[in-house]
Student: 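Sharing a structure below in structure tokens format, with a few things to ask.
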Amino acid sequence: AQSVTQPDIHITVSEGASLELRCNYSYGATPYLFWYVQSPGQGLQLLLKYFSGDTLVQGIKGFEAEFKRSQSSFNLRKPSVHWSDAAEYFCAVGAGAGNMLTFGGGTRLMVKP
Amino acid sequence: SQTIHQWPATLVQPVGSPLSLECTVEGTSNPNLYWYRQAAGRGLQLLFYSVGIGQISSEVPQNLSASRPQDRQFILSSKKLLLSDSGFYLCAWGDEQGAEAFFGQGTRLTVV
């Protein structure tokens, strides 16, 4: 069975600083990987996804993520954080098309002015 | 384009009362449909998924049930709510070609 671990429950960064949110997965084959963002009281919005090919994927809002098979990781990065990025971020893994996703526990990002 | 509607947005219900949350998807046919629950301060837990009308799979035993009476309609129900049913419920859909899930805006359920 697949699983996802997000080691950091809370992260606080200063506005303009760089950001990296960690995600580690467990899956027997090459997984489908996702990052979602959730603003308070809202649903989840897809930031980016990795299916195959280039291991560095670009997403919306200036985010990117890198798939590292050797480390079973899919960390999310942003070079300069904006106050509007404060939200909860979820990493997820899927087994393929049409399959349900398994989510990590989430990382709550706070941005200091 | 596809859209997903989920209602109500918020709900306060007494213990022992019934529950019905509805989710509909537009702009696609034969979607996979999912119900997730997000308890306070925790991640998302998959409750039910459906690959077709009348086909429901349950991921965890609980006080809830799901039904899919039409292709693009997914309903989450309970006959008698418990305090522990409080949480944020999210409906999502996915198609057979892609692998990502698209989420509704969620329903905040408080059982009092």
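Chain A is the first sequence line, chain B the second, and so forth, proteins listed ahead of strands; every chain is numbered from 1. What you are looking at is a predicted structure, and each value in this text was computed from that prediction instead of being measured.
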Student: Could you tell me whether the side chain of B/Gln105 reaches within less than 4.5 Å of the side chain of A/Leu44, counting heavy atoms only?
Tutor: no

Student: Applying side-chain contact (heavy atoms from CB on, under 4.5 Å), name anything that partners A/Arg108, two or more places apart in sequence or on another chain.
Tutor: A/His10, A/Glu88

Student: Specify which of A/Gly41, A/Gly104, A/Ala92 makes the most heavy-atom pairs with chain B at under 4.5 Å.
Tutor: A/Gly41

Student: Atom OH in B/Tyr49, atom CE in A/Met100: separation rounded to 0.5 Å?
Tutor: 3.5 Å

Student: Who passes side chain to side chain donor-acceptor pair (under 3.5 Å) against B/Arg72, sequence neighbours left out?
Tutor: none

Student: Tell me which of these, B/Ala101, B/Gly104, B/Gly106, has more heavy-atom pairs under 4.5 Å with chain A than the rest.
Tutor: B/Ala101

Student: Tell me whether A/Leu19 shares a hydrophobic cluster with A/Trp35, the cluster being built from Ile, Leu, Val, Met, Phe, Trp, Tyr side chains joined at under 4.5 Å.
Tutor: yes

Student: I'd like to check B/Leu46 versus A/Leu101 (side-chain heavy atoms, cut-off strictly below 4.5 Å). Are they in contact?
Tutor: no

Student: Checking ring pair (Phe, Tyr, Trp, His ring centres under 6.0 Å) against B/Tyr36, which of A/Tyr36, A/Phe90, A/Phe103 comes through?
Tutor: A/Phe103

Student: Less than 4.5 Å to any heavy atom of chain A: does that hold for the side chain of B/Gln38, its backbone, both, or neither?
Tutor: side chain

Student: Please report the interatomic distance CG(B/Leu44) to CD(A/Gln38), rounded to the nearest 0.5 Å.
Tutor: 6.5 Å

Student: With a 4.5 Å limit on heavy-atom distance, are the side chains of A/Phe51 and B/Glu100 in contact?
Tutor: yes

Student: At a heavy-atom separation under 4.5 Å, does A/Gln45 approach chain B through its side chain, its backbone, both, or neither?
Tutor: neither

